[in-house]
Amino acid sequence: MTMMPPPITVQAVEQFAGFEKKRSKFVPLTLILVLHLAAFYAIQSGLISRVVTAAMPTITTVSIVAPPAPPKPPTPSVPKTVELSAPMPRAVIPPLPLIAVAPSEPTITPPQPSRAEAAPPATSAPATPSTPAPSPPAPSTPRTVSSVEYIKAPQLVYPNLSRRLGESGTVVLRILINEKGLPEQILVHKSTGYSNLDEAGRQAAMRALFKPMIENGKPVPVYVLVPLTFQLS
């Protein structure tokens with residue numbers, strides 16, 4: 001058998017409503033009282049002063065230091081004045097007395113004859129006229145001949161530039177041929193008017209070989225004029 005709860009009466013409801021009204025009034029009072037107690041405790045313990053001090057901005061003290069004064073220029077040194085003492089008097093030396101000395105007569109010794117004067121002069125042989133030494137023969141200049149024989153004739157090489165430009169002509173070379181038949185010196189006696197052709201003629205003459213010139217059974221150097229002609233075919 002189940003127990004039924006007691007029925008709620010109107011009086012009980014009114015009592016509960018009154019209690020709630022009292023409770024709603026009591027809670028704000030309690031909160032205000034707690035806040036006052038907390039504020040009083042904070043003042044007593046110095047917590048508020050710490051918070052205010054922490055919240056205030058820090059004041060920084062700036063001190064302005066004056067720049068150092070420039071160094072003073074060195075004062076010029078004044079030369080010292082030194083007093084000179086009076087010069088010491090010089091000692092005077094009295095002159096020595098003169099003693100008269102009688103002059104003595106000089107003794108003269110007769111000169112003795114030297115050995116060269118005592119010996120009789122030797123008779124010198126008559127000087128023979130010296131014959132002058134024969135002068136060396138002057139070196140003979142190689143003579144110029146009209147023609148020589150070739151062992152290897154000059155081989156002309158036509159320059160390509162001269163061929164393209166259409167240059168032609170005859171160069172006359174003055175060649176010194178030594179005892180071996182080799183061209184020892186080559187000079188341009190008459191030019192073609194073109195430096196390339198003249199140089200090509202010199203190079204061809206340097207590669208040539210001549211038959212030596214024989215005089216009195218001996219080879220001698222000679223000059224010869226050699227004409228070389230460049231002609232376009």
Side-chain angles (χ1 to χ4, degrees), residues 1-95 154-169 171 173 183-188 191-207 228 230 232-233:
M1 183 174 182
T2 58
M3 296 290 294
M4 295 295 291
I8 300 172
T9 61
V10 176
Q11 186 180 2
V13 172
E14 290 177 355
Q15 290 178 358
F16 181 75
F19 178 76
E20 287 295 328
K21 290 181 179 179
K22 292 180 180 179
R23 183 180 177 182
S24 61
K25 293 179 179 179
F26 181 74
V27 169
L29 293 175
T30 305
L31 183 59
I32 291 171
L33 180 61
V34 171
L35 291 175
H36 279 75
L37 292 175
F40 179 75
Y41 176 76
I43 292 172
Q44 291 293 328
S45 60
L47 182 61
I48 294 178
S49 61
R50 295 178 184 177
V51 173
V52 172
T53 304
M56 291 180 66
T58 305
I59 299 174
T60 304
T61 303
V62 178
S63 59
I64 301 175
V65 180
K72 295 181 180 180
T75 57
S77 59
V78 180
K80 297 181 180 180
T81 303
V82 179
E83 296 182 359
L84 298 177
S85 59
M88 296 293 294
R90 298 179 61 182
V92 179
I93 301 175
Q155 301 295 328
L156 295 179
V157 178
Y158 218 110
N160 295 329
L161 181 60
S162 299
R163 189 185 298 276
R164 288 197 299 267
L165 297 177
E167 298 174 351
S168 61
V171 59
L173 302 175
E184 188 172 335
Q185 182 183 11
I186 302 175
L187 300 175
V188 177
S191 174
T192 59
Y194 305 102
S195 59
N196 290 337
L197 295 180
D198 295 344
E199 184 61 25
R202 287 186 69 258
Q203 295 296 330
M206 290 176 62
R207 295 188 295 268
L228 298 176
F230 292 89
L232 295 172
S233 57

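All values reported here derive from a predicted model rather than from experimental measurement. Residues take their numbers from the sequence shown, with the count starting at 1. We use all heavy atoms of the structure for the numbers below, so side chains are in, but hydrogens, waters and symmetry mates are not.
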Hey, does F230 have a side-chain heavy atom less than 4.5 Å from the side chain of V171?
yes

Start with the C-alpha gap between V188 and L173, add the side-chain angles, then the distance that decides, and say whether side chain to side chain contact (heavy atoms under 4.5 Å, CB included) holds.
CA-CA 5 Å; V188 177; L173 302 175; 4.1 Å; yes

Non-hydrogen atoms of A204 and L156 that approach each other most closely
CB-CD2, 3.8 Å

To the nearest 0.5 Å, how far apart are CG in L232 and OG in S168?
5.5 Å

I'd like to know if the side chain of N196 reaches the main chain of L161, judged simply by a donor and an acceptor atom lying under 3.5 Å from each other, with no hydrogens or angles considered.
no

To the nearest 0.5 Å, what is the distance between CD1 on I186 and CD on Q203?
8.0 Å

With a 4.5 Å limit on heavy-atom distance, are the side chains of V157 and R207 in contact?
yes

For the atom pair OH (Y158) and CZ (R164), what is the distance rounded to the nearest 0.5 Å?
12.5 Å

Atom pair CG (L31) and NE2 (H36), whose distance is rounded to the nearest 0.5 Å:
10.5 Å

Closest heavy-atom pair, L197 versus P159, reported as atoms and distance to 0.1 Å, is CD2-CD, 3.9 Å

Does the side chain of L165 reach to within under 4.5 Å of the side chain of Y194, using non-hydrogen atoms?
no

Got a second to check how far R202's CZ is from L228's CG, nearest 0.5 Å?
12.0 Å

